[in-house]
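Below is one structure, written out as structure tokens; comments come after it.
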Amino acid sequence: MSEGTARPDGRRTSPTERLAEDVADVVREEVRAVRAQVSEAARPAGMGIALLATAGGCLVLGAGAASTTVLRILETMLPRRLAAAGLAAGYLVTAVVLGRAGLAQLRAAGGPAARLADDVRDMVTETAGQVLPAGAGAVRNELDR
């Protein structure tokens, strides 16, 4: 049996302790290497995500500008309130049609997607049941002016 070797602080270490320290050093080196690789790989991905987020923001601004343009065109043919109401109604009808198509796709997928579709449908129905009467009242008040 070996007595071990002396450490810089003067204490003796057994071969088992040395082996544990060596393994710990190797693991630390590997963790550093993996961390460096992940960091290097994440940098371009981070930039890509930032670019996609910026593109999404520009898309929202573009859609808003397009909507304003359509509203201005409608206002040349219709009274301002009717143009705004018509554009809003068009957006709502489009949202309903696209939403129903999306829910139908989720139901067709089955499993958890079908349950999600049912949950979304129930939430939308509940919300619409609360919003539509309030909206109808607001429209009636506006038309009575």
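Residue numbers run from 1 in the order of the sequence given.
The CD atom of Glu75 sits 9.5 Å away from the OG1 atom of Thr68 when rounded to the nearest 0.5 Å. Separating the CG atom in Asp119 from the CG atom in Leu106 is a distance of 11.0 Å, to the nearest 0.5 Å.
Leu103 and Val96 fall into different hydrophobic clusters, where Ile, Leu, Val, Met, Phe, Trp and Tyr residues are linked whenever their side-chain heavy atoms come under 4.5 Å apart, directly or through other members. Hydrophobic cluster membership differs between Leu98 and Leu92, with clusters built from Ile, Leu, Val, Met, Phe, Trp and Tyr side chains linked at under 4.5 angstrom. A continuous path of ILVMFWY side-chain contacts below 4.5 Å connects Leu82 to Ile73, so both sit in one hydrophobic cluster.
Between Arg107 and Ala117, the shortest heavy-atom contact is CG-CB, 3.9 Å. Residues Ala83 and Leu74 approach most closely at CB-CB, 3.7 Å, considering heavy atoms.
Under the 4.5 Å side-chain criterion, counting only non-hydrogen atoms from C-beta, Arg121 is not in contact with Arg100.
The residues Asp118 and Arg115 are annotated as not salt-bridged, no charged nitrogen and carboxylate oxygen being separated by less than 4.0 angstrom.
At least one donor-acceptor pair closer than 3.5 Å links the side chain of Thr69 to the backbone N or O of Ala65.
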